[in-house]
Amino acid sequence: MNLPLDIPALLKAATDIDEARNTPLAVSVYIDETAPGDVVGHVRSAFASAGAKTRVTIGYLDDNLLAEPYGADDMAVIVAGDSPRIGEQAAHIRGAGIPVMVATTAPRAVAAAAEAAGWPVPEGDIVAPNMTNPTPFGDAARALARRITAGSTASEAPNAAAAEAASAAEAAIEDIEHALPVETEPADAEPIPLDAEGAATLDRRMGEWIIAACKDKRLAFALAFPFVRRPLSLDAVRATSVQNAGVGVVVFIPGADMPIMTLNQAKMLLQIAAAYGQPLSAERIKELAAVVGGAIKGAVGFAGTEAMGHAAIEYFEAGGDIVGVASVVQKARDEAVEAASKAAATPAGGKVIEAARGAGASAFRALRGKGKGAGKGGARG
């Protein structure tokens, strides 16, 4: 198969694993003595790094003194309890140019205490088990397939079918827009229990904070701290799915939209493999290229991208290696897009695709933050 992929460029992306492994990381964990023991233990365990180039320093906060920042730190973590000086301590460390995460199971109480003391913690820097799971793009894909199928009844008058198609397309684009992480209100009862679910969501929140605050070293953090790997991989899946949704809807030039979508998917799989420390040889990259080269185009293109990404994540987390990932992602992709592609082949489904061009253009521009005129150029980003 002759694929429009720059293999040397993709190989170069894969070699970033070696560079990331050799990237020095420095983290300071400051523990409030009033913090619950289970939270302290969990955070300390999460930052127990196996990275040869990683330094993690553990210390305790003193309400009578401000913490002394370490200038070489890439980030700091404060494990918060009832201390009234958490906000001030965080501000002091942040003043040294070090991003600070405040980990707690009582986010509302910590935020209120910091605010009352005159040292509010910036929005987003308090992390706790209080964030909903991102709505899977697969849900949006299935919703689109259902809407296309529902609009394919022969009994509908042509005008009614067209109106239904337009409405379905707009709703599908809304699903894409809303399929991003949504912060929920903190739990009414604090502290939030750090049970298995709470621990998992706290890990995810900490990982999401790190990849946002430490962008230049996000891969190094993923290789050093396992809890960062899934958030980093999911970030790649979400970004690629949104972009490919825009490619499939906005760029309808034969021979142009497929290469863009294919390249995006290949890069996504490389990013996921890298996050789990799986090096890719030239042969494996070609194998992945052949798999992603069969992706369908059109408004359901993001369904295949989403499915491939999640399949790769689950595969690596289950202990799989790079040898078998190609067949896994191919199967997941094919199953995810089969229903949608069949439905899209119906007359009403074709109307949905046509209507999606207009609806998708504005939605994609909004998602990419490029304003009016992004169109096809934004899809290549």
note = Between Ala26 and Ala72 the two heavy atoms that sit nearest each other are CB-O, 3.5 Å

ask   = What's the verdict on side-chain contact (heavy atoms from CB on, under 4.5 Å) for Trp119 and Gln89, showing C-alpha distance, side-chain angles and the deciding distance?
value = CA-CA 9 Å; Trp119 299 95; Gln89 296 277 15; over 6 Å; no

task = Give the minimum heavy-atom separation between Leu202 and Val127, together with the two atoms involved.
result = CD1-O, 4.0 Å

ask   = Is there a side-chain contact (heavy atoms from CB on, under 4.5 Å) between Leu61 and Ile86 once you walk through the steps?
value = CA-CA 9 Å; Leu61 295 176; Ile86 295 297; 4.2 Å; yes

task = Decide whether Asp32 and Ser83 meet the rule of one side-chain donor and one side-chain acceptor closer than 3.5 Å.
result = no

message = What I want to find out is whether Arg230 reaches Glu314 closely enough, with some N-O distance under 4.0 Å, to be called a salt bridge.
response = yes

task = Could you pull out the closest heavy-atom pair between Asp203 and Phe227, with the gap in Å?
result = O-CD1, 3.6 Å

ask   = Is any side-chain heavy atom of Ile313 closer than 4.5 Å to a side-chain heavy atom of Tyr276?
value = yes

key: Least distance between heavy atoms, Ile272 atom then Phe316 atom   = CG2-CD1, 3.9 Å

More than 12 heavy atoms from other groups under 6.0 Å of NZ on Lys53 = no

request  = For the pair Lys267 (side chain) and Ala236 (backbone), establish whether a donor and an acceptor sit closer than 3.5 Å, ignoring hydrogens and angles.
outcome  = no

inquiry  = Is it true that, when you exclude Asp195 itself, more than 12 heavy atoms of the residues, nucleotides or ligands shown sit nearer than 6.0 Å to its CG?
reply    = yes

task = Measure across Leu232 and Leu219 and return the closest heavy-atom pair with its distance rounded to 0.1 Å.
result = CD2-CA, 4.0 Å

message = On a heavy-atom basis, which atom in Thr305 and which in Met268 lie closest, and how many Å separate them?
response = O-CE, 3.5 Å

query = Between Ile210 and Val56, is there a shared hydrophobic cluster once you connect ILVMFWY residues whose side-chain heavy atoms come closer than 4.5 Å?
reply = yes

Set of ring-ring contact (aromatic ring centres under 6.0 Å, His included) partners for Tyr315, sequence neighbours left out = none

message = Is there a side-chain contact (heavy atoms from CB on, under 4.5 Å) between Phe47 and Met206? Walk through the geometry before answering.
response = CA-CA 11 Å; Phe47 282 93; Met206 291 195 300; 4.3 Å; yes

key: Sub-4.5 Å side-chain heavy-atom contact between Gln278 and Asp321   = yes

